[in-house]
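Residue indices begin at 1 and follow the sequence shown.
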Amino acid sequence: MKQLSFTADAQQAGERLDKLLGTLAVDLSRSYLTQLIRDGQVTVCGRTQKSSYRVRENDVLVISVPEEQQADILPENIPLDILYEDADVLVVNKPKGMVVHPAPGHTEGTLVNAVLHHCGSSLSGINGVLRPGIVHRIDKDTTGSVLICKNDAAHRSIAAQLKTHSITRKYYAIVFGVIREDALTIQGRIGRDPKDRKKMAVVSAPAGKEAVTHVRVLERFRKFTYVECELETGRTHQIRVHMASAGHPLLGDAVYAGNRKTPFPGLKGQTLHAGVLGFRHPSSGEYIETRCALPPYFEELLQKLRAEGPASDRRELSQKPDGRMDSRKRS
């Protein structure tokens, strides 16, 4: 049993217990916190209270979080689109609609299930049984490159590169609106949306974590722009949140595009593709870069947008992701 403890200050006095805990225990969902309160796992100065209890200054709030029951994650013979593989790492092209790693109540059909079948026991164990080999992830409806570590030494190496922002990660997206600048950098701390704990948002300091996204325009259409987004940092939903904050949410993004509706029936999820992934090899130190071609649905959308006609100041795209694997050294 893990316990989290907080002491309410003067500004928090008068808040409902469930609402206040939602802002304090950011890693727990509001519904889960409500259930913990009902189950008597939350105390205020040593006594259980209802969700509607109004917190007082200096109240000590203690949340007792039960240990998760780890489910057995079984290998599944799901085909993998392999971009690169050796004894230390595996880079795969994740399809749209596939979850990267299992979660309680969702233990089948994930990338981890497929990787377990392909690699057997040769996966790093640093992130536990639910995330073997997983050192980073992309969203369910985002396609493209995911790096898997086959041993703990490789995992530590890649994790260190992620921490120092030395890994190359370029994504390709179609966003609402015509971006006039050829290139821009979006900076803004990203944290939980205080109005909706299931979403992320650009928040003021000291909340959230610093995030930087470099955006380059590839092609302009009448109502949309095709862009390359290079991550300097890697926060949850970073590109989706940053582009929405700039007034250019991703086409198809049901979470961050607000009331903007897609003009393309059948499009599910954000139009976002992890096209370029570059890293220092954990053993050799050589720079490896994989390039992952756009999925068919993405290419079809681009063709439809081109057929509708360009923006008045359209710039022909100078580069797009193609090919399978490009291994090169970087000095």
Side-chain angles (χ1 to χ4, degrees), residues 1-71 99 101-107 128 130-131 137 139-141 186-211 233-247 249-250 253-261 269-270:
M1 184 80 71
K2 178 176 68 173
Q3 289 192 329
L4 305 174
S5 181
F6 307 95
T7 300
D9 59 27
Q11 290 184 333
Q12 295 164 338
E15 290 273 10
R16 281 176 57 107
L17 177 61
D18 55 355
K19 184 177 179 181
L20 179 57
L21 290 182
T23 64
L24 296 175
V26 295
D27 292 330
L28 303 178
S29 69
R30 185 72 60 83
S31 60
Y32 184 52
L33 285 167
T34 300
Q35 188 61 52
L36 289 177
I37 294 172
R38 290 173 181 165
D39 293 344
Q41 299 296 334
V42 175
T43 61
V44 180
C45 297
R47 300 179 62 181
T48 58
Q49 297 287 353
K50 294 182 178 180
S51 295
S52 58
Y53 170 80
R54 296 290 176 175
V55 175
R56 302 173 182 175
E57 185 179 0
N58 295 322
D59 272 354
V60 178
L61 318 176
V62 178
I63 308 171
S64 298
V65 184
E67 296 293 335
E68 287 187 3
Q69 296 295 318
Q70 300 286 14
V99 175
H101 60 76
H106 190 114
T107 60
L130 290 180
R131 304 182 185 184
R137 66 181 180 86
D139 297 329
K140 174 184 177 182
D141 288 322
I186 304 174
Q187 293 180 282
R189 303 179 75 89
I190 291 180
R192 292 286 176 186
D193 188 330
K195 297 180 181 179
D196 186 345
R197 306 300 292 175
K198 295 181 180 180
K199 297 170 59 177
M200 308 301 288
V202 172
V203 295
S204 302
K209 296 180 179 179
E210 187 61 37
T233 56
R235 310 306 180 198
T236 301
H237 297 178
Q238 178 171 320
I239 292 173
R240 299 167 64 188
V241 171
H242 269 175
M243 294 309 301
S245 73
L250 272 61
D253 194 332
V255 177
Y256 298 105
N259 295 325
R260 304 196 194 198
K261 296 182 179 180
Q270 64 277 358

Test side-chain contact (heavy atoms from CB on, under 4.5 Å) applied to S5 and V60, step by step: CA-CA 7 Å; S5 181; V60 178; 3.9 Å; yes
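- One N or O on the side chain of D9 and one on the backbone of Q11 form a donor-acceptor pair closer than 3.5 Å.
- Distance check, rounded to the nearest 0.5 Å: CD of E15 to CG of L24 gives 9.5 Å.
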Please lay out, stage by stage, how D59 and Y53 fare under the test side-chain hydrogen bond (donor to acceptor under 3.5 Å, both in side chains). CA-CA 11 Å; D59 272 354; Y53 170 80; 2.8 Å; yes
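- Atom NZ of K199 has more than 12 neighbouring heavy atoms from other residues, nucleotides or ligands inside a 6.0 Å radius.
- Each of Q270, H237, M243 was compared with Y256 under the side chain to side chain contact (heavy atoms under 4.5 Å, CB included) criterion, and only H237 meets it.
- The pair R16-D18 counts as a salt bridge, with a side-chain nitrogen and a carboxylate oxygen less than 4.0 angstrom apart.
- Taking a 6.0 Å sphere around CZ of R131, one finds it holds 12 or fewer heavy atoms contributed by other residues, nucleotides or ligands.
- A salt bridge between D253 and R260 is absent, with no side-chain N of the basic residue lying under 4.0 Å from a carboxylate O of the acidic one.
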Applying side-chain hydrogen bond (donor to acceptor under 3.5 Å, both in side chains), run through E210 and T233 and close with a yes or a no. CA-CA 8 Å; E210 187 61 37; T233 56; over 6 Å; no
Trace of the side-chain contact (heavy atoms from CB on, under 4.5 Å) decision for V65 with Y32: CA-CA 10 Å; V65 184; Y32 184 52; 3.9 Å; yes
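- H242 places no side-chain N or O within donor-acceptor distance of the main-chain N or O of Q187, the cut-off being under 3.5 Å.
- Although no hydrogens or angles enter the test, the distance criterion places a donor-acceptor pair under 3.5 Å between the side chain of R54 and the main chain of G14.
- In this structure, S51 OG and I37 CD1 are separated by 4.0 Å, a value rounded to the nearest 0.5 Å.
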Walk me through whether Q49 and V44 qualify under side-chain contact (heavy atoms from CB on, under 4.5 Å). CA-CA 7 Å; Q49 297 287 353; V44 180; 3.8 Å; yes
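- Using modelled atom types, no side-chain atom of R192 and backbone atom of M200 make a donor-acceptor pair closer than 3.5 Å.
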Residue pair V42, L61: steps toward the side-chain contact (heavy atoms from CB on, under 4.5 Å) verdict: CA-CA 7 Å; V42 175; L61 318 176; 5.6 Å; no
